[in-house]
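Start at 1 with the first residue, then count along the sequence.
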Amino acid sequence: MSEGHDVQALSDVDIHVYEAVASQAVEKGHADLKGLIRASGLGEEELRRSMARLVEHGYVVPKGDGYVLGPHTFEVEY
């Protein structure tokens, strides 16, 4: 993610998925796809598209079999 990246450029779905990742990361140290599908209520294809955008922009980072939060300059309520 580049410095000064605008979080407002993310879609509502992306923000919803990011919040699900943040919640799972706090609870378990990482987020996994099955847990994110359950937590977000999204279908697997839509979730994977959103995760790809979040990874592309550096908001979420793949780690092992799951995902963790990347560096960010905003707060999330979960």
Do L36 and V21 come within less than 4.5 Å of each other through their side chains, counting heavy atoms only? yes
Do the side chains of V60 and V68 get nearer than 4.5 Å, heavy atoms only? no
Report the C-alpha distance between M51 and Y67 in whole Å, list the side-chain angles of each, state the deciding distance to 0.1 Å, and finish with yes or no for side chain to side chain contact (heavy atoms under 4.5 Å, CB included). CA-CA 9 Å; M51 289 297 290; Y67 298 88; 3.3 Å; yes
Of all residues at least two apart in sequence or in a different chain, which pass the side chain to side chain contact (heavy atoms under 4.5 Å, CB included) check with V13? S11, V17, L42, E46, S50
As an exercise, state the distance from CG of L33 to CG of D65, rounded to the nearest 0.5 Å. 10.0 Å
CG of L69 to CD of Q24: how many Å apart, nearest 0.5 Å? 11.0 Å
In this structure, would I15 and I37 fall into the same cluster of hydrophobic residues linked by side-chain contacts under 4.5 Å? yes
V55 and Y59: same hydrophobic cluster, using ILVMFWY side-chain contacts below 4.5 Å? yes
Where at least one partner belongs to residues 35-44, residue pairs that pass side chain to side chain donor-acceptor pair (under 3.5 Å), sequence neighbours excluded: E44-R48
Sequence neighbours excluded, which residues qualify as salt bridge (charged side-chain N to carboxylate O under 4.0 Å, His left out) partners of K28? D32
